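In this chain, residues are counted from 1 in sequence order. Only a predicted model underlies this, so the values are computations on that prediction, with no experimental measurement involved.
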Amino acid sequence: PGHAVQRRGGPKGGGVFRKENARKNPGFSVRKTRVFRPPVDIGAQAVPDRGQPWKGQDMRDFDAELEQRLVRYAAIDSQSDMDSPAQPSTMVQHAMLDLMVRELADIGAADVTKTPYGTVIATIPGNRPGPTIGFLAHVDTAPQFNATGVKPRVIRGYNGGAISFPDAPDLVLSPDDFPYLATKIGEDIVTASGTTLLGADDKAGIAIIMTAARHLLANPDLPRPTIRIAFTPDEEIGRGVDTRLPSDLAVDFAYTFDGGDAGEIVYETFSADFAVVTVTGVSIHPGEATGKLVNAIHLASRIVQTLPQATMTPETTSLRGGFIHAVDMKGSADQMVVRFILRDFERDGLAAKGDLLRTVCAAIAATEPRARIEAQITPQYRNMRYWLERDMTPVDLARDALRDLDQTPIEAVIRGGTDGSRLTEMGVPCPNLFTGMQNVHGPLEFVSVQDMALAARLMVQIAARATG
């Protein structure tokens with residue numbers, strides 16, 4: 001009773017729906033203006049030195065530290081690459097990983113290690129009995145959009161209007177299109193400059209964990225059990241959780257900070273497979289091709305066109321509807337490679353989508369026996385709900401900690417996945433917590449510094465509550 005189902009463009013994979021107490025418009029009027037008090041543009045310029053004002057701060061005031069950390073981290077290119085077999089997939093991710101090693105050591109974390117598979121792990125020693133808890137975020141940014149030359153900027157005291165972008169004058173971030181932005185009046189909003197993504201996914205998560213970790217280490221009397229921190233590479237391409245990570249992390253349960261709206265606790269995600277369809281035709285000089293040429297481009301196009309177009313695609317589904325999404329097509333008349341992602345909340349639904357793709361490939365192959373069409377489907381991750389519903393301890397702990405902060409928990413179901421999906425499947429229960437990030441993987445990405453501050457407070461409170 002009294003709940004509403006809401007939808008929005010989501011943090012991980014194109015949309016979220018959630019059940020929450022219906023929130024009323026606070027009564028402000030949105031001024032449709034593109035004129036702001038001058039934003040703080042931070043790109044080529046360094047962040048102003050404020051003498052680390054967070055030294056000795058109360059945990060209710062993390063804003064300055066979070067802002068400076070996010071701006072600094074977001075300016076570092078750390079995009080992952082699905083086509084690379086390396087681990088991590090790109091050398092640029094090492095810049096973030098090595099920075100995390102240095103900064104964790106600087107704040108006094110113990111056991112700081114960069115593993116052979118590229119994950120940085122560290123310890124905050126406990127001072128009370130309790131479960132060993134992990135907090136994770138990923139250093140890579142999505143390969144779907146330009147992430148080179150990110151110029152973060154801070155819009156202080158957002159006034160409710162449309163936000164323009166200095167490097168893309170025609171681009172507009174409007175609360176009319178993104179209602180969550182309308183709830184952030186008076187807060188400090190971080191965006192990029194218009195030609196890149198921001199990278200709050202998941203550098204907001206890194207800033208949150210680092211800020212809370214520094215606060216805990218600077219206040220040794222704050223109650224907490226042993227805490228393990230991990231920063232992973234390659235989450236955006238589904239390779240963030242190495243098989244060695246669960247044993248190296250050595251926790252009873254964990255949380256990723258990789259979610260959206262303030263207050264969200266995610267314990268249900270898509271299940272996901274990755275499919276590669278290879279179409280091999282017959283190549284011959286076009287002047288001699290009569291009755292001989294088999295054009296792989298035509299056959300690959302027919303496969304895509306035969307798959308459902310009005311249903312079962314990301315743009316035609318919502319809520320619990322799964323999809324088959326063609327993400328890439330490369331090649332020539334001789335050979336084409338088409339890559340798909342398959343998504344569904346249920347195992348049976350995911351298997352059915354794989355069967356449908358194979359059936360379509362077989363049907364197209366039957367029309368041209370001289371061609372060879374192969375479909376290879378690889379598991380990526382599974383809905384964490386299958387495991388968490390058996391033991392909701394980490395979910396209940398996060399709910400209670402949010403209530404301690406006078407926040408109403410929002411139970412979100414994301415149309416995507418996280419490193420927590422893989423960790424949970426591998427035996428480490430790992431729900432996902434909010435960071436405030438919005439519109440990720442594109443130029444309209446933004447995050448509220450105050451949402452991040454609430455997330456940092458939540459991490460500290462989870463640690464305190466875990467000690468009983």
Side-chain angles (χ1 to χ4, degrees), residues 7 9-10 12-15 17 81-83 142-146 236-238 269-381 383 414-417 440-442:
R7 294 177 53 214
K12 305 294 289 181
F17 63 98
D81 180 4
M82 184 177 291
D83 292 325
Q144 288 91 335
F145 197 77
N146 179 31
E236 295 290 356
I237 58 173
T269 64
F270 267 145
S271 290
D273 285 345
F274 182 70
V276 178
V277 174
T278 304
V279 181
T280 304
V282 177
S283 179
I284 194 169
H285 190 286
E288 301 174 357
T290 304
K292 301 173 184 176
L293 175 68
V294 178
N295 194 322
I297 297 174
H298 295 168
L299 295 175
S301 299
R302 286 172 59 192
I303 291 171
V304 174
Q305 288 299 314
T306 303
L307 288 165
Q309 302 292 308
T311 61
M312 213 181 294
T313 64
E315 65 270 28
T316 61
T317 54
S318 61
L319 303 178
R320 291 188 176 272
F323 55 76
I324 301 174
H325 180 35
V327 296
D328 190 54
M329 179 184 287
K330 294 180 180 178
S332 64
D334 174 55
Q335 187 176 78
M336 290 292 295
V337 176
V338 190
R339 298 192 291 194
F340 299 86
I341 59 173
L342 283 58
R343 301 291 187 264
D344 202 281
F345 284 99
E346 305 303 334
R347 292 186 180 100
D348 291 346
L350 186 65
K353 289 171 177 60
D355 291 342
L356 175 59
L357 179 60
R358 292 188 185 95
T359 298
V360 168
C361 289
I364 301 302
T367 68
E368 180 46 84
R370 294 174 296 171
R372 185 170 73 252
I373 300 178
E374 301 169 320
Q376 181 179 16
I377 299 177
T378 305
Q380 289 186 300
Y381 57 84
N383 189 341
I414 61 171
R415 291 172 59 81
V440 299
H441 299 189

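- Under the 4.5 Å side-chain criterion, counting only non-hydrogen atoms from C-beta, Ser271 is not in contact with Asp344.
- Between Lys353 and Ile324, the closest heavy-atom pair is O-CD1, 3.7 Å.
- Using cut-offs of 30° and 60° for the angle between ring planes, the Phe345 and Phe270 rings count as tilted.
- Under the 4.5 Å side-chain criterion, counting only non-hydrogen atoms from C-beta, Ile373 is in contact with Ile303.
- Between Met82 and Ile237, the closest heavy-atom pair is N-CG2, 3.7 Å.
- Here the closest heavy-atom approach between residue Leu342 and residue Ala275 is recorded as CD1-CB, 3.9 Å.
- In this structure, Arg415 contributes its side chain and Gly321 its backbone to a donor-acceptor pair below 3.5 Å.
- In this structure, CD1 on Ile364 lies 11.5 Å from OG1 on Thr359, to the nearest 0.5 angstrom.
- Remark: side-chain polar atoms of Thr317 are not paired, donor with acceptor, to backbone N or O of Met312 under 3.5 angstrom.
- Each of Glu374, Met336, Arg370, Arg372 was compared with Thr280 under the side chain to side chain contact (heavy atoms under 4.5 Å, CB included) criterion, and only Arg372 meets it.
- Of all non-hydrogen atoms in Gln309 and Thr316, the two that sit nearest each other are O-CG2, 3.9 Å.
- With Asp273 as the fixed residue, the side chain to side chain contact (heavy atoms under 4.5 Å, CB included) test singles out one of Ile341, Leu357, Ile377: Ile377.
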message: Please evaluate residues Val282 and Lys292 with respect to the criterion side chain to side chain contact (heavy atoms under 4.5 Å, CB included), reporting the C-alpha separation (whole Å), side-chain torsions for both, the decisive distance (0.1 Å), and the verdict.
response: CA-CA 7 Å; Val282 177; Lys292 301 173 184 176; 5.7 Å; no

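- Nearest heavy-atom pair across Val338 and Ala300 is CG2-CB, 3.9 Å.
- Interatomic distance, CD of Gln144 versus CG of Asp328, reported as 11.0 Å (0.5 Å rounding).
- No side-chain heavy atom of Val440 sits less than 4.5 Å from a side-chain heavy atom of Glu236.
- Formation of a donor-acceptor pair under 3.5 Å by the Arg302 side chain with backbone atoms of Ile297 is not found in this model.
- The main-chain N or O of Gly287 is found under 3.5 Å from a side-chain atom of His285 such that the two form a donor-acceptor pair.
- Listed here is the closest heavy atom pair of Leu299 and Ala371: CD1-CB, 3.5 Å.
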